[in-house]
Amino acid sequence: MINVQITIPEALKPFVAVETEQEILVRNAMIIFPFIQNETISYGKAAEFLNLRKLDLITLYGKMGLPYFNQTEEELEDDLKNIKSALEK
């Protein structure tokens, strides 16, 4: 681990200056999340950075209301149709 100094608004200090192991994990997971969303890193790599199993990281994000799947219902239905079509061949 390394220490990184950042400049933040004073009002954010209580949310960033955390102490418990769980608070630190959540803070660090939230720092990484945008990089997962823009596909800079994978869930697996993020979990590795945080010393977690991938499923544990996905579960953590789920508890925070951050979905693993970001497809619309229509996109999911299209994928299911394509899978069914491929299985029928």
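The figures here come from the full heavy-atom set of this structure, side chains too, leaving out hydrogens, waters and symmetry mates.
Hydrophobic clustering, with ILVMFWY side chains joined whenever heavy atoms are under 4.5 angstrom apart, keeps F35 apart from I24. Using a 4.5 Å cut-off between side-chain heavy atoms of Ile, Leu, Val, Met, Phe, Trp and Tyr, with links allowed through other members, V16 and L50 fall into different hydrophobic clusters. No continuous path of ILVMFWY side-chain contacts below 4.5 Å connects V18 to I32, so the two sit in separate hydrophobic clusters.
Of all heavy-atom pairs spanning Y43 and L57, the tightest one is O-CD2, 3.6 Å. When all heavy atoms of A46 and I41 are compared, the closest pair comes out as CB-CD1, 3.9 Å.
Here the side chain of N82 pairs a donor or acceptor atom with the backbone of D78 at under 3.5 angstrom. Checked by atom type and distance alone, the side chain of E88 never pairs as donor or acceptor with a backbone atom of S85 at under 3.5 Å. Between the side chain of T59 and the backbone N or O of L55 there is at least one donor-acceptor pair closer than 3.5 Å.
Atom OG1 of T20 sits about 9.0 Å away from atom CG of L25, to the nearest 0.5 Å. From R27, atom CZ reaches atom CD of E19 across 10.5 Å, with rounding to the nearest 0.5 Å. The line from CG of L60 to CZ of F33 is 10.5 Å long, rounded to the nearest 0.5 Å.
Listed by chain and number, the hydrophobic cluster partners of I83 are L87, where partners are ILVMFWY side chains within reach of under 4.5 Å, directly or through others.
Using a 4.5 Å heavy-atom threshold, the side chains of F69 and L76 count as separate. The closest side-chain heavy-atom distance from N28 to F49 is not below 4.5 Å.
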| request: Please assess M30 against L66 for the test side chain to side chain contact (heavy atoms under 4.5 Å, CB included), listing each intermediate value before the final yes or no. | output: CA-CA 10 Å; M30 292 308 296; L66 302 170; 3.8 Å; yes

| query | What's the verdict on side chain to side chain contact (heavy atoms under 4.5 Å, CB included) for F15 and I8, showing C-alpha distance, side-chain angles and the deciding distance? | reply | CA-CA 11 Å; F15 305 105; I8 60 169; over 6 Å; no

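Under a cut-off of 6.0 angstrom, the local environment of CG in N51 is sparse, with at most 12 non-hydrogen atoms contributed by other residues, nucleotides or ligands. Within 6.0 Å of atom CD in Q37, more than 12 heavy atoms from other residues, nucleotides or ligands are found, so the atom counts as buried in its surroundings.
With ring centers used as reference points, Y61 lies 6.0 Å or more from Y68.
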